[in-house]
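Chain letters run A, B, ... following the sequence lines, proteins first, then strands; residues in each count from 1. As the structure is a prediction and not an experimental result, all values here were calculated from the model.
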Amino acid sequence: MDKQTVARVLDEIATLLELRGDEGFRARAFRTAARALEELEEDLASLIARGELRTVRGLGPATARVVQEVFETGTSSYHEELRREVPDGLLELLHVPGLGTKRIHTLHTRLGIASLDDLEQAARAGAIAELPGFGKRTQERILEGIAYRRRTAGLRRRPEALATAAELLAWLRADPSVVRAEPAGALRRGLETVDGVDLVAAVDGDGQELLGRFISLPSAEPGERTADDAARVRLGGIEVRLRVVPPEAFGAAWLHATGSEAHVEALRERAAARGLRLDADGLWDGARRVDAADEDGIYRALGLDVVAPELREGSGEVEAAGAGLLPRLLRYEDLKGCFHVHTTYSDGRATLKEMARAALERGWRYLGIADHSQAAAYAGGLRLEDIVRQHEEIDAWNAEHGDRLWLFKGIEADILADGRLDYAGLEEDVLERFDFVVGSVHSAFGSSQTEMTERIVRAMENPHLTFLGHLTGRLLLERDGYPLDVEAVIEAAAERGVGIEINAHPARLDLDWRWWRAASARGICAAINPDAHDAAGLDDVRYGVTVARKGWLGVRNVVNAWDLEEVRAYFAKRKGRA
DNA sequence: GCCGTTTTCGGCCCGACTGTTTTCAGTCG
Ligand SMILES: [Zn+2]
């Protein structure tokens with residue numbers, strides 16, 4: 001039982017207390033305890049073994065009891081009691097933008113609302129606007145939030161989908177009848193969200209027995225057969241679709257299950273033009289199977305370079321593959337570091353040195369620290385004295401370890417409502433002290449598209465700005481980004497030589513891959529930034545690499561795939577305009 | 001619920017923004 005898990009229970013207790021309408025400071029105490037646990041330098045197990053839990057500042061009798069119980073048994077009776085008391089539906093309502101625990105409590109007690117359906121009914125009937133503290137606008141926002149929730153209900157983000165795929169692939173590959181099993185569909189193409197997990201297995205025999213066991217997996221809800229050679233189950237709320245084929249048909253089956261439809265259609269046309277026929281079972285010359293047990297063989301038989309799964313979106317990749325014009329795509333191994341990493345100086349959960357060591361472990365040559373700026377007060381944004389302290393620590397690190405891992409001094413500066421960068425109004429040129437500046441919008445999401453676009457374009461007028469951070473502000477499956485004329489921003493960024501971040505957090509993946517061909521064509525550089533708040537978060541750059549590949553990007557387009565000296569030169573050139 | 005003592009209970013709490021108000025509660029990053 002790790003401290004993160006225990007902290008999550010404490011956080012949920014706090015949320016449940018708030019939903020129940022308890023006095024706010026009690027809930028706060030549980031949240032404080034959760035943070036205290038996260039920031040614990042020491043191992044939780046040894047602390048408990050020594051009976052010193054209570055010595056941790058922020059843990060008192062009640063919270064320490066919960067920690068101890070969760071650590072020993074995996075659950076907390078207090079937590080479970082609250083779960084029984086508070087309707088499950090109330091937790092779901094927290095995902096509706098504009099609704100927090102207080103308002104949900106009010107909705108529950110005044111209108112008996114305990115689910116998304118209840119909420120929708122009440123909003124449609126106009127009952128919510130009548131409540132004190134609520135109004136017409138709030139009611140509208142609630143309906144918008146419900147619609148978004150409904151629209152995205154069957155979708156999953158990549159980490160969850162990949163974990164489900166891995167679990168079932170392991171199960172398939174352990175089966176003696178399975179020759180080969182692979183993921184396919186949108187997951188394999190690297191889409192930011194998927195409506196399910198597609199798997200293809202090559203099997204000895206007809207696979208009927210395997211499909212039978214697949215739909216009655218003990219860990220899944222009972223599934224169903226969808227065709228002679230296919231079935232689907234739901235596992236942890238995710239739909240998993242499996243097709244089984246004989247080994248000689250695997251290449252074509254995998255290709256079809258991977259898609260996209262547009263890509264496969266383009267391949268079919270290409271086959272037809274060569275007098276061949278491509279279907280989900282093979283590539284055919286009349287009745288004769290063209291040898292294509294693997295995908296590569298099919299592409300080659302069609303006179304094409306192999307198209308990486310990420311590019312198979314029907315956007316000219318087949319023509320490019322025929323002309324030998326496919327880009328050499330970025331790989332994870334190309335990365336030499338990354339920027340936009342948080343530490344305990346602001347809201348990170350790992351210290352600067354822990355993050356630096358984690359970067360070393362990954363074989364990186366440099367790391368860009370970028371904590372929050374002072375406007376992000378809640379996130380512990382850096383005040384001027386914090387900046388000085390952090391820069392001293394970075395200088396000391398570089399003096400000692402800079403030959404192995406160089407730390408760049410960066411900051412995630414808020415783009416304020418008027419388009420100024422945080423710190424920009426001060427007498428001394430604070431932003432000048434940094435090697436790079438990531439500019440991000442964290443407030444005033446409600447403005448119009450014109451205002452938001454002007455605000456971000458204005459931020460780019462500050463010559464210190466190096467990268468635009470999570471440009472559209474979207475949170476996948478939580479909310480759309482704010483309204484923004486991305487094309488205009490790209491145009492302005494190109495003119496001013498500002499780079500754009502591929503925020504690699506799996507809930508952001510922002511700027512989206514769909515923009516990157518246009519952006520790179522205008523010479524805009526990408527930075528694959530993990531926005532990491534702990535060491536494990538650094539590995540999110542892998543999701544960012546997928547986005548870059550979907551955007552047809554290669555090493556030259558991605559700043560953190562460059563050598564240390566090149567990055568230094570890039571930053572210096574940006575600063576030179578100041 | 002936890003802290004910190006002014007040892008027995010009062011104070012805790014980041015600030016901008018929004019929508020609801022007509023001075024502020026609630027949400028959010
Ligand atoms: Zn941010």
Side-chain angles (χ1 to χ4, degrees), chain A residues 9-11 13-37 53-67 76 78-79 82 93-108 110 128-142 144-145 342 346-348 371-383 386 412-420 422 438-448 451-452 455 469-470 472-475 478-479 481-482 503 505 507-508 510 531 533:
Chain A
V9 175
L10 290 167
D11 272 324
I13 288 174
T15 302
L16 290 165
L17 287 170
E18 287 168 355
L19 288 171
R20 200 175 67 168
D22 276 43
E23 180 271 333
F25 284 115
R26 178 175 298 127
R28 179 192 302 279
F30 279 90
R31 288 198 202 286
T32 305
R35 298 292 80 74
L37 217 52
L53 214 43
R54 288 286 309 281
T55 63
V56 178
R57 204 184 136 85
L59 291 184
T63 51
R65 194 175 330 118
V66 170
V67 172
S76 144
Y78 185 47
H79 176 239
L82 286 166
L93 298 186
L94 284 168
H95 294 288
V96 177
L99 290 189
T101 51
K102 288 238 173 71
R103 280 183 168 164
I104 293 171
H105 175 70
T106 305
L107 291 166
H108 182 51
R110 296 289 294 263
I128 290 173
E130 304 297 315
L131 289 174
F134 291 73
K136 258 197 134 57
R137 181 72 196 105
T138 303
Q139 185 167 273
E140 281 167 26
R141 271 195 82 199
I142 287 174
E144 286 165 19
H342 295 274
S346 67
D347 62 348
D371 273 305
H372 286 285
S373 66
Q374 61 183 3
Y378 163 89
L382 269 55
R383 296 153 306 163
D386 302 322
E412 183 183 16
D414 270 40
I415 297 175
L416 306 175
D418 61 3
R420 274 182 311 133
D422 203 2
V438 179
S440 303
V441 170
H442 289 123
S443 61
F445 288 8
S447 23
S448 69
E451 285 166 342
M452 192 57 97
R455 174 180 177 185
H470 47 70
T472 73
R474 75 177 179 185
L475 286 179
E478 289 287 333
R479 60 154 199 248
Y482 32 75
N503 188 295
H505 191 286
R508 293 194 183 271
D510 181 12
D531 203 349
H533 287 73

Just N and O in the side chain of [X]: are any of them under 4.0 Å from OP1 or OP2 of [N]?
X: A:T63; N: B:dC2; value: yes
X: A:T32; N: B:dG1; value: no
X: A:R137; N: B:dG19; value: yes

Ring centres within less than 5.5 Å and planes less than 30° apart: is that true of A:F25 and B:dC12 in this structure?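 Yes, A:F25 stacks on the base of B:dC12.
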By nearest atom, which of the nucleotides [options] is closest to the [X] side chain?
X: A:A29; options: B:dG29, B:dG26, B:dG1; value: B:dG1
X: A:F30; options: B:dT27, B:dG1, B:dC2; value: B:dG1
X: A:R28; options: B:dG15, B:dG26, B:dC13; value: B:dC13
X: A:Y378; options: B:dG1, B:dC13, B:dC14; value: B:dC14
X: A:R479; options: B:dG15, B:dC28, B:dC12; value: B:dC28

Enter the distance from [X]:[atom1] to [Y]:[atom2] here, rounded to the nearest 0.5 Å.
X: A:Q374; Y: A:R383; atom1: CD; atom2: CZ; result: 9.5 Å
X: A:L131; Y: A:L107; atom1: CG; atom2: CG; result: 6.0 Å
X: A:Y378; Y: A:D347; atom1: OH; atom2: CG; result: 8.0 Å

Could you state the atom-to-atom distance from [atom1] of [X] to [atom2] of [N] in whole Å?
X: A:D371; N: B:dG29; atom1: CG; atom2: P; result: 19 Å
X: A:L37; N: B:dC2; atom1: CG; atom2: C1'; result: 15 Å
X: A:R65; N: B:dG1; atom1: CZ; atom2: P; result: 9 Å
X: A:R141; N: B:dT18; atom1: CZ; atom2: P; result: 10 Å
X: A:R103; N: B:dC28; atom1: CZ; atom2: C1'; result: 12 Å
X: A:E18; N: B:dA25; atom1: CD; atom2: C1'; result: 14 Å
X: A:L94; N: B:dT27; atom1: CG; atom2: P; result: 9 Å
X: A:H442; N: B:dA16; atom1: NE2; atom2: P; result: 16 Å

[atom1] atom, [N] versus [M]: distance in rounded Å?
N: B:dC17; M: B:dG11; atom1: C1'; answer: 27 Å
N: B:dG10; M: B:dT6; atom1: P; answer: 16 Å
N: B:dC14; M: B:dT7; atom1: P; answer: 25 Å
N: B:dA25; M: B:dT20; atom1: P; answer: 16 Å
N: B:dT8; M: B:dC13; atom1: C1'; answer: 23 Å
N: B:dT21; M: B:dG26; atom1: P; answer: 12 Å

So [X], base contact, sugar-phosphate only, or nothing? Heavy-atom distance under 4.0 Å.
X: A:A62; value: sugar-phosphate
X: A:G58; value: sugar-phosphate
X: A:A27; value: nothing
X: A:R57; value: sugar-phosphate

For the side chain of A:D414 and the backbone of A:D422, is there at least one donor-acceptor N/O pair under 3.5 Å apart?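 Not confirmed, A:D414 side chain does not pair with A:D422 backbone.
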Are A:H470 and A:H505 close enough that their ring centres sit under 6.0 Å apart?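 Centroid distance A:H470-A:H505: not below 6.0 Å, so no.
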Position toward the 5' end of DNA chain B (nearest nucleotide), A:T138 or A:A417: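 Result: A:A417.
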Most 5' of A:T101 and A:P132 on DNA chain B, judged by nearest nucleotide: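 Mapping each residue to its closest nucleotide by heavy atoms, the 5'-most match is A:P132.
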With a 3.5 Å limit on both atom pairs, tell me what B:dA16 is paired to, counting Watson-Crick and G-U wobble, or say none.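 Across any shown strand, B:dA16 pairs with B:dT27.
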Measure the shortest side-chain to side-chain distance between A:Y78 and A:R65 over non-hydrogen atoms and say whether it is less than 4.5 angstrom.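 Not touching, per the 4.5 Å side-chain cut-off.
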Parallel, tilted or perpendicular, as decided by the 30° and 60° cut-offs, for the rings of A:H533 and A:H342: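 Aromatic pair A:H342/A:H533 classed parallel.
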